[in-house]
Number of protein chains: 2
Amino acid sequence: MSDYGSYFKALREAKSLTLREVEKQTGISNAYLSQLETGKVKQPSPLNLHKLAQLYEVPYETLMEKVGYPVPQNMEHLATREPVAAHGRLGALSDEEELELLDYLKFIRNRRR
Amino acid sequence: MSDYGSYFKALREAKSLTLREVEKQTGISNAYLSQLETGKVKQPSPLNLHKLAQLYEVPYETLMEKVGYPVPQNMEHLATREPVAAHGRLGALSDEEELELLDYLKFIRNRRR
DNA sequence: AAGCATTGCTAAATTTATCGAGCAAAGGTA
DNA sequence: TACCTTTGCTCGATAAATTTAGCAATGCTT
């Protein structure tokens, strides 16, 4: 199976923590932690990864990458990536669309007044 | 239950895509997509979120935040509303305005067809 | 040595993610 | 009108995440 289990175990041992101590700090059952460390878990939830990242003091993204989740781009990428307009629910807009929406937005805002 | 379903639905409709078209582009079953959009799914996998983010042209982090996953620290400000405000000429939008514009955008794009 | 707590682990149960099949409503087309 | 397709959705099945309970080995204390 997946083989990042030993990695998590190493992180825990580096802090000299016991499975049950980690359970207390994170709320994740020691049973599950054990399975995680012995390669019996494929994709732990991002929330649990985050908790472990905090406790073990490693970057959340590092753990996400370890378990095979897509990792968010770094800032440079985002900054360069096509239109900043590609945010929110509107998504990427062509110039014409943006102008038309701008017009409609004015209408919306003046509607009731 | 969680209620980000309508958000995904809005994203899909903004692109005038059908559930089965999204299925073809992402490999995610239309059955699951439907459940996702009708609030019957709690935590879709990061991988699926990533696929949808690509198709819908929204940041992966935004979707992660929507479904309640922790978002990497250095990305938080980008994942929230701010970018929408950075929407060139449109400026900052309220939720209601954004939804209404989304709806209008859909209309614009379907006008001819 | 006996008794007790700690530690890592597994087994079974529960919950959720995800898919395949198939159904009913809506649209078009002959 | 009858037929075929498309579309969103539900149902039932399978797999994986995560928990609770409990067990064996080790360690500590008397």
Side-chain angles (χ1 to χ4, degrees), chain A residues 1-56 60 63-70 89, chain B residues 1-56 60 63-70 102-103 106-107 109-113:
Chain A
M1 300 298 135
S2 30
D3 186 31
Y4 50 77
S6 55
Y7 173 73
F8 283 91
K9 184 163 191 169
L11 286 181
R12 177 172 59 86
E13 295 182 331
K15 295 248 172 229
S16 299
L17 292 173
T18 169
L19 289 180
R20 283 180 174 75
E21 280 169 355
V22 174
E23 170 171 1
K24 278 179 182 163
Q25 307 293 317
T26 63
I28 305 170
S29 76
N30 69 77
Y32 186 67
L33 290 168
S34 173
Q35 294 171 195
L36 178 64
E37 294 185 358
T38 51
K40 291 162 191 165
V41 172
K42 292 185 177 181
Q43 312 260 70
S45 77
L47 182 57
N48 280 342
L49 286 187
H50 191 254
K51 288 174 184 170
L52 292 176
Q54 304 251 149
L55 180 58
Y56 295 154
Y60 173 38
L63 297 192
M64 293 216 292
E65 194 175 32
K66 274 288 180 192
V67 305
Y69 285 148
R89 312 178 205 205
Chain B
M1 293 289 149
S2 39
D3 187 34
Y4 51 77
S6 56
Y7 172 73
F8 282 91
K9 183 162 193 170
L11 287 179
R12 178 173 59 85
E13 295 183 333
K15 295 242 171 242
S16 300
L17 292 173
T18 167
L19 288 179
R20 282 179 175 75
E21 280 168 354
V22 175
E23 169 171 3
K24 278 177 185 160
Q25 308 292 320
T26 64
I28 304 171
S29 77
N30 70 75
Y32 186 66
L33 290 167
S34 174
Q35 293 171 196
L36 177 63
E37 293 184 359
T38 51
K40 291 163 192 165
V41 171
K42 293 187 175 181
Q43 311 260 64
S45 77
L47 183 57
N48 279 343
L49 285 186
H50 191 254
K51 288 175 183 168
L52 292 176
Q54 305 253 146
L55 180 59
Y56 294 153
Y60 173 39
L63 298 192
M64 293 215 294
E65 191 186 43
K66 271 296 180 193
V67 306
Y69 285 149
L102 186 53
D103 209 44
K106 179 187 168 189
F107 161 69
R109 288 176 170 159
N110 286 337
R111 220 156 22 188
R112 203 180 292 285
R113 189 53 279 236

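Values below: all heavy atoms of this structure, side chains included; hydrogens, waters and symmetry mates excluded. A, B, ... follow the sequence lines: proteins, then strands. Residue 1 opens every chain. Keep in mind it's a predicted model, so treat the numbers as computed, not measured.
- Across all strands, B/Ser29 comes closer than 4.0 Å to base atoms (heavy-atom distances).
- Straight-line distance from the CG atom of B/Leu49 to the C1' atom of C/dA17: 12 Å, rounded to whole Å.
- Note on A/Thr18: a side-chain N or O is less than 4.0 Å away from OP1 or OP2 of C/dG8.
- A straight line from NZ of A/Lys42 to P of D/dT18 spans 14 Å, rounded to a whole angstrom.
- The residue A/Gln43 sits close only to the backbone: its heavy atoms come under 4.0 Å of sugar-phosphate atoms, none of a base.
- Between the base of C/dC19 and the side chain of B/Gln35 there is a donor-acceptor pair shorter than 3.5 Å.
- D/dT19 atom P lies 16 Å from atom NZ of A/Lys40, rounded to whole Å.
- Here the NZ-CG distance, from B/Lys66 to B/Leu11, works out to 9.0 Å after rounding to the nearest 0.5 Å.
- Listed pair A/Asn48 / D/dT18 meets the phosphate criterion, a side-chain N or O lying under 4.0 Å from OP1 or OP2.
- If you take CG of B/Leu36 and P of C/dT16, they are 15 Å apart, rounded to a whole angstrom.
- Nearest nucleotide to the A/Thr38 side chain, out of D/dC9, C/dC9, D/dA17: C/dC9.
- If you take CG of A/Leu52 and P of D/dA17, they are 14 Å apart, rounded to a whole angstrom.
- Residue A/Phe8 contributes atom CZ, which lies 15 Å from atom P of C/dC9 at whole-angstrom precision.
- With C/dT18, D/dG8, C/dT7 as the choices, the nucleotide that has an atom nearest any side-chain atom of B/Ser34 turns out to be D/dG8.
- Here the P atom of nucleotide D/dA21 and the CD atom of A/Glu23 are 12 Å apart, to the nearest Å.
- Note: CD (B/Glu21) to C1' (D/dT5) measures 14 Å, nearest angstrom.
- Within the structure, the salt bridge (Lys or Arg N to Asp or Glu O under 4.0 Å) test picks out the following pairs touching residues 25-37 of chain B (sequence neighbours left out): B/Arg12-B/Glu37.
- When distances are taken from the side chain of A/Ala31 to each of D/dG8, D/dA21, C/dT7, the shortest belongs to D/dA21.
- Contacts between residues 9-16 of chain A and DNA chain D, defined by a heavy-atom separation below 4.0 Å, involve no residue at all.
- Taking only side-chain nitrogens and oxygens, A/Asn30 never comes nearer than 4.0 Å to OP1 or OP2 of C/dG8.
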